[in-house]
Engineer: 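I am attaching a structure below and will ask some questions about it afterwards.
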There are 2 protein chains.
Amino acid sequence: MTDFETREAAWIALNQIHARAHRNIERALQDAGMPRLDWYDVLWALECAPDGVRPYQMQEALLFEQSGFSRLAMRLEKEGLIIRRKDKTDGRGLVLHITDQGKALRGKIWPVYRQAIDQEMRHASEQKDCLTALLDLPRK
Amino acid sequence: MTDFETREAAWIALNQIHARAHRNIERALQDAGMPRLDWYDVLWALECAPDGVRPYQMQEALLFEQSGFSRLAMRLEKEGLIIRRKDKTDGRGLVLHITDQGKALRGKIWPVYRQAIDQEMRHASEQKDCLTALLDLPRK
DNA sequence: CACATATAGATGCATTTGCATCCATATTGC
DNA sequence: GCAATATGGATGCAAATGCATCTATATGTG
């Protein structure tokens, strides 16, 4: 097997594992009446950053599109889960902060999310053979 | 580190690696004027199945939503890349076949896709440490 | 300072998604 | 054979996405 074939197989496995885990985790959240994963990601990132986060930083970290994240932040604010303040030191920008309500919701989501992660990744490790070859490849 | 923490770390790594690779590969295709990955997946699956594929099977294999795939197939047919025939043995269903034009397009996409896979997965293997622990975990 | 360029974020519009429902044919149990 | 139910696929509608563009502020250069 060439190095490329190894990488190709890993890409296929990566897609399959991710797609199935992602779909099932989203379903678990939805079945429990919880919001989607992207909401959780934002809330958690903000809960970890007491001084708030600039949208453009969050976009890069979480790989959102700029316009998509802009509107996601507006939805989250409309739901009372975050606040968007003007940044005092940069008139162009904002700083996002989580609200108490946001923290409460994140805390309610976590047990469901945690359980789903555990179940899906337990299952995923059964597909490990598809990835091990990649991991054993020299990095350059 | 508990088993759960290992799985959680693996889930986070899986997301990051997948999201970045997926985004960059899609960009590479788009920059080359090629269609999106989901088109490629369908074309390739059909090219591998000379007798055609039933939509419901493709949905399951590629983890599409039923309605989403239904419309994707219609778009592909409108572009002349596939044909949707009525299944003779099941009046409810269809059988999808790739056209010559579809094969030609898939062949044109592949070199671009291949190059992008190679580059992204080469990079991805640098994040391997996040996943190895999961892979070493006993499966049950 | 004045001007050109870069950056943060919002927005209009077309396309795509997700969900619920709907239609048609298959299958099952009586 | 016939009603009840299940399955494959399409569709209407609301919501989300991607892209290009727009506005406002920052930064950099002469």
Side-chain angles (χ1 to χ4, degrees), chain A residues 19-20 22-42 45-46 52-79 81-97, chain B residues 19-20 22-42 45-46 52-79 81-97:
Chain A
R20 207 182 48 72
H22 187 263
R23 188 193 56 172
N24 290 344
I25 289 173
E26 289 281 19
R27 278 186 187 167
L29 289 173
Q30 182 163 313
D31 290 352
M34 299 296 172
R36 294 179 27 180
L37 262 186
D38 52 359
W39 285 35
Y40 185 89
D41 290 339
V42 174
L46 291 180
V53 180
R54 294 289 299 268
Y56 76 96
Q57 291 174 332
M58 183 99 72
Q59 291 157 30
E60 284 166 23
L62 301 184
L63 297 179
F64 283 109
E65 295 273 326
Q66 183 269 319
S67 65
F69 184 75
S70 174
R71 287 192 261 235
L72 173 54
M74 292 193 262
R75 273 174 252 144
L76 291 171
E77 187 176 50
K78 202 175 305 173
E79 298 291 330
L81 303 169
I82 71 173
I83 347 179
R84 301 183 309 153
R85 293 214 188 91
K86 276 197 259 197
D87 187 330
K88 277 147 196 157
T89 74
D90 183 347
R92 298 167 299 183
L94 305 174
V95 187
L96 308 181
H97 298 271
Chain B
R20 208 182 48 72
H22 186 264
R23 188 193 57 172
N24 291 344
I25 289 173
E26 289 281 19
R27 278 186 187 166
L29 289 172
Q30 181 163 314
D31 290 351
M34 300 293 172
R36 294 177 30 178
L37 262 185
D38 51 1
W39 285 34
Y40 185 90
D41 290 339
V42 174
L46 291 180
V53 181
R54 294 289 300 268
Y56 76 96
Q57 291 174 332
M58 183 100 72
Q59 291 157 32
E60 284 166 23
L62 301 183
L63 297 178
F64 284 109
E65 294 275 325
Q66 183 268 319
S67 65
F69 184 75
S70 173
R71 287 192 261 234
L72 173 54
M74 292 192 261
R75 274 174 250 146
L76 291 171
E77 187 176 50
K78 202 175 307 174
E79 298 290 329
L81 303 169
I82 71 172
I83 348 177
R84 301 182 310 151
R85 292 214 188 90
K86 275 198 258 196
D87 187 330
K88 278 147 195 156
T89 74
D90 184 346
R92 298 167 300 182
L94 306 174
V95 188
L96 309 181
H97 297 271

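Given the structure is predicted, the values throughout are model-derived calculations rather than measurements. Below, chain A is the first sequence line, B the second, and so on; all start at residue 1.
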Engineer: Of the nucleotides D/dA24, C/dT25, C/dT17, which one has an atom closest to the side chain of B/Asp38?
Structural biologist: C/dT17

Engineer: In whole angstrom, what separates A/Leu94's CG from D/dA24's P?
Structural biologist: 15 Å

Engineer: Look at all strands and tell whether B/Arg27 reaches a base, only sugar-phosphate, or nothing, counting heavy atoms closer than 4.0 Å.
Structural biologist: nothing

Engineer: Roughly how many Å is it from NZ in B/Lys86 to P in C/dA26, rounded to a whole number?
Structural biologist: 11 Å

Engineer: Tell me which nucleotide among C/dA20, D/dA16, C/dA6 gets nearest to the side chain of A/Arg92.
Structural biologist: C/dA6

Engineer: When you compare the side chain of A/Ile82 with that of A/His97, does any pair of heavy atoms fall below 4.5 Å?
Structural biologist: no

Engineer: For A/Gln30, which contact category applies under a 4.0 Å heavy-atom criterion: base, sugar-phosphate, or nothing?
Structural biologist: sugar-phosphate

Engineer: Starting from the C-alpha separation in whole Å, work towards a yes-or-no answer on side-chain contact (heavy atoms from CB on, under 4.5 Å) for B/Phe69 and B/Leu96.
Structural biologist: CA-CA 12 Å; B/Phe69 184 75; B/Leu96 309 181; 3.7 Å; yes

Engineer: Where the side chain of A/Met74 is defined as all heavy atoms beyond and including C-beta, which of D/dT17, C/dA10, C/dA20 is the nearest nucleotide?
Structural biologist: C/dA10

Engineer: Rounded off to whole Å, could you give me the CD-to-C1' distance for the B/Glu26 and D/dT17 pair?
Structural biologist: 13 Å

Engineer: Please examine the side chains of A/Lys78 and A/Met74, heavy atoms only from C-beta on, and report whether any two atoms are closer than 4.5 Å.
Structural biologist: no

Engineer: With DNA chain C as reference, determine whether A/Arg36 or A/Ser70 sits nearer its 5' end, using the nearest nucleotide of each.
Structural biologist: A/Ser70

Engineer: Classify the side chain of A/Gln66 and the base of C/dA10 as holding, or not holding, a donor-acceptor pair under 3.5 Å.
Structural biologist: yes

Engineer: From the options D/dG9, C/dA10, C/dT16, select the nucleotide whose nearest atom is closest to the side chain of B/Arg54.
Structural biologist: D/dG9

Engineer: Of the listed nucleotides (C/dA8, C/dC19, C/dA10), which one gets closest to any side-chain atom of B/Glu65?
Structural biologist: C/dC19

Engineer: Check the distance between C/dA8's P and A/Asp87's CG and give it to me in whole angstrom.
Structural biologist: 11 Å

Engineer: Applying side-chain contact (heavy atoms from CB on, under 4.5 Å) to A/Arg36 and A/Leu29, what does each step give before you reach the verdict?
Structural biologist: CA-CA 7 Å; A/Arg36 294 179 27 180; A/Leu29 289 173; over 6 Å; no

Engineer: To the nearest angstrom, how far is B/Glu77 atom CD from D/dG9 atom P?
Structural biologist: 13 Å

Engineer: Can you find a heavy atom in the side chain of A/Glu79 that is under 4.5 Å from one in the side chain of A/Trp39?
Structural biologist: yes

Engineer: Tell me whether A/Arg54 contacts the main-chain N or O of A/Leu94 through its side chain, where contact means a donor paired with an acceptor under 3.5 Å.
Structural biologist: yes

Engineer: If you assign B/Arg84 and A/Arg75 each to the DNA chain D nucleotide with the nearest heavy atom, which residue ends up on the more 5' nucleotide?
Structural biologist: B/Arg84

Engineer: At under 4.0 Å between heavy atoms, what does A/Asp90 touch on the DNA or RNA strands: base, sugar-phosphate, or nothing?
Structural biologist: sugar-phosphate

Engineer: Distance check needed: C/dG18 P versus A/His22 NE2, whole Å only.
Structural biologist: 10 Å

Engineer: Nearest-nucleotide wise, let me know which of A/Ser67 and B/Gly68 is further upstream toward the 5' end of DNA chain D.
Structural biologist: B/Gly68

Engineer: Atom NZ of B/Lys78 and atom C1' of C/dT15: how far apart are they, to the nearest Å?
Structural biologist: 12 Å

Engineer: Looking at every strand, decide which applies to B/Leu72 at a 4.0 Å heavy-atom threshold: base, sugar-phosphate, or nothing.
Structural biologist: nothing

Engineer: Indicate, with a heavy-atom threshold strictly under 4.0 Å, whether B/Gly93 touches base, sugar-phosphate, or nothing.
Structural biologist: sugar-phosphate

Engineer: Rounded off to whole Å, could you give me the CZ-to-C1' distance for the A/Arg23 and C/dT17 pair?
Structural biologist: 16 Å

Engineer: With distance as the sole criterion, do the side chain of A/Arg71 and the base of C/dG12 form a donor-acceptor contact below 3.5 Å?
Structural biologist: yes

Engineer: Can you tell me which nucleotide in C/dT16, C/dT11, C/dA8 comes closest to the side chain of A/Tyr56?
Structural biologist: C/dA8

